[in-house]
2 protein chains.
Amino acid sequence: MISIAIVEDNDQFRLGLESIILGQKDLLLLASFEDAEKAITALPKMNVDIVISDISLPGMRGTELILRLNQKMPHTQFMVCSIHDDDDTIFETLKCGASGYILKDPITADEIIRSIHDLYNGGAPMSPYIAKKVISTFQKPTSKSPQSVLSVRENEVLELLSKGLLYKEIANKMGVSHETVKKHLKNIYQKLHVNNKIEALNKFKLL
Amino acid sequence: MISIAIVEDNDQFRLGLESIILGQKDLLLLASFEDAEKAITALPKMNVDIVISDISLPGMRGTELILRLNQKMPHTQFMVCSIHDDDDTIFETLKCGASGYILKDPITADEIIRSIHDLYNGGAPMSPYIAKKVISTFQKPTSKSPQSVLSVRENEVLELLSKGLLYKEIANKMGVSHETVKKHLKNIYQKLHVNNKIEALNKFKLL
DNA sequence: GTTAGTATTCCCCGAAAGGGGTATTGTTTG
DNA sequence: CAAACAATACCCCTTTCGGGGAATACTAAC
């Protein structure tokens, strides 16, 4: 049995969510709030598995709500259901600790139920559009970025270095001598105008 | 009609994938490769919507394959289907340009078909476990994360360390001796179970 | 009021990293 | 073809780190 709480100011959507949850035998609707204030005082006293929240709430943003609740309720998972699909809102929400983000616009009762189960089982339910945005942040800025000043081999060295490996471990992985790794690092430092590993990695990540 | 190519060295799994795709009226299996070499020469000449690839391939890693194909085939989407669930492999794959990552272990024909459609429609299909890992990288290091075990002073040290400062420079900034900084670092390493600066910063998410 | 944790300083020692060279082998590119 | 560069490997030397202690002082908790 999965216990659930809702925070949603739009009456129509909240009632819709409630009826969806009430219609499932393995879902238990423990509470339903119209605003963040009531939620933030009542929820920490309850033992809820999952909180489904809106982002635009009267008084407090959903991100703020999740951030605060997250600290008080370490065992509770948070999922946002919102109309907002802009980068700022999405990533701010994730940073605040939400483990799911689904868009209201194209959503079915079935998807909501699947998302709840997914979240409960350690997953991170996202609408396709959200998932795409999230994954896109990992994509390498291919060709011409600051990497371009570094050779292929030098990039490999930095990549391994960023994992915390020692010179000799990097040398093993790359199949070269420890001295070669050292030489690569020397050249990298010259090219990036830095003097140690951490400075190099900082420059590397930001170019 | 969605045109698809497969790169998978495991005969059983490749045949399984093929039959799943052949069984769908709106999916068209254009090619199926057992190794990366053949794929990398043949695929750029074909007009494929989606490439489903393994990671562990004979000769070349799937990440390398995707990276190279990605540059030559800007309109093709790549999805990985692998048994690997370690952070390194997952994020390396995403960096190389894959827009989907599903795990072989718990997978059904239905999920594969859904993933293909999702990908074709601009989504980013991920197994729940993968989605969770991806989303976790955005989480702010709040309450119960590595920071909580570190003292205020230790946090200050790490903060300065992340800028690439030397022990003696940190000591100056903090108004303590170089040996004190060293001692703080020793304690930090013990608490975080690491052995050097970069590993510590990685745990701390500061790098 | 003793125990636990933090902050501070110091010692020794060996390993790792950084800076200065030099040199060979390819590859690329005017 | 020469010049430039990437990759490889080695030398010497100094500095920085990391791990092992030990000691003092303060604070908080039990």
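So you know, we letter chains A, B, ... as the sequences are listed, proteins then strands, and number each from 1. Model, not experiment: these values are computed from the prediction.
- No engagement by A/N187 is indicated, since no non-hydrogen atom pair under 4.0 Å with the nucleic acid exists.
- At the phosphate of D/dG19, neither OP1 nor OP2 sits under 4.0 Å from any side-chain N or O atom of B/Y189.
- When rounded to the nearest whole Å, the span between OH of B/Y167 and C1' of C/dA16 equals 11 Å.
- Between the P atom of D/dT16 and the CD1 atom of B/I170 lies a distance of 12 Å, rounded to the nearest Å.
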Working note: A/E92 + A/T63, criterion side-chain hydrogen bond (donor to acceptor under 3.5 Å, both in side chains); need CA distance, chi angles, decisive distance, verdict.
CA-CA 7 Å; A/E92 179 64 19; A/T63 51; 4.8 Å; no

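- Residues A/L165 and B/R153 each lie close to DNA chain C; by heavy-atom proximity, the contact nearer the 5' end of the strand is made by B/R153.
- Dashed line: the shortest gap from a side-chain N or O of A/N196 to OP1 or OP2 of C/dA17 is not under 4.0 Å.
- The distance between atom CD1 of A/I198 and atom P of C/dA16, rounded to the nearest whole Å, is 17 Å.
- Computed from coordinates, the A/L185 CG to C/dG20 C1' distance equals 16 Å when rounded to whole Å.
- Atom CG in B/L192 sits roughly 15 Å away from atom C1' in D/dG18 (whole-Å rounding).
- Other residues, nucleotides and ligands contribute at most 12 non-hydrogen atoms within 6.0 Å of the NZ atom of A/K173.
- Under the 3.5 Å distance criterion, the side-chain polar atoms of B/S127 are left unmatched by any main-chain donor or acceptor of B/Y129.
- For D/dA6, one of the phosphate oxygens OP1 or OP2 lies less than 4.0 angstrom from a side-chain nitrogen or oxygen of A/K191.
- Comparing C/dA7, D/dA7, C/dG18 by their closest approach to the side chain of B/E154 singles out C/dA7.
- Panel note: side chain B/S3, backbone B/L30; no donor-acceptor pair is recorded below 3.5 Å.
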What nitrogen or oxygen pairs link the protein and nucleotides 10-15 of chain D at under 3.5 Å?
none

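- Summary of helix geometry: the two end axes of the helix from C/dG1-D/dC30 to C/dG30-D/dC1, each defined by five base pairs via their C1' atoms, are inclined to each other by 50° (rounded to 10°).
- Without hydrogens or angle criteria, A/Q24 side chain to A/D26 main chain gives no donor-acceptor distance under 3.5 Å.
- Counted within 6.0 Å of CG on B/N47, heavy atoms from surrounding residues, nucleotides or ligands total 12 or fewer; the atom is thus considered open.
- Of the side-chain N and O atoms in A/S151, none sit less than 4.0 angstrom from OP1 or OP2 of D/dC5.
- If you measure from atom CG of A/N195 to atom P of D/dT16, you get 11 Å, rounded to the nearest angstrom.
- When each of B/L166, B/I170, B/V181 is tested with B/L161 by the rule side-chain contact (heavy atoms from CB on, under 4.5 Å), just one qualifies, namely B/I170.
- With hydrogens and angles ignored, the 3.5 Å screen pairs no side-chain donor or acceptor of B/E64 with any backbone N or O of B/R61.
- Side-chain atoms of A/D54 never come within 3.5 Å of backbone atoms of A/G62 as a donor-acceptor pair (strictly under, hydrogens ignored).
- One N or O on the side chain of A/E199 and one on the backbone of A/N195 form a donor-acceptor pair closer than 3.5 Å.
- In this structure, CG of B/N172 is placed 15 Å from C1' of D/dT16, rounded to the nearest angstrom.
- Atom P of nucleotide C/dG5 and atom NE2 of B/H184 are separated by 17 Å, given to the nearest angstrom.
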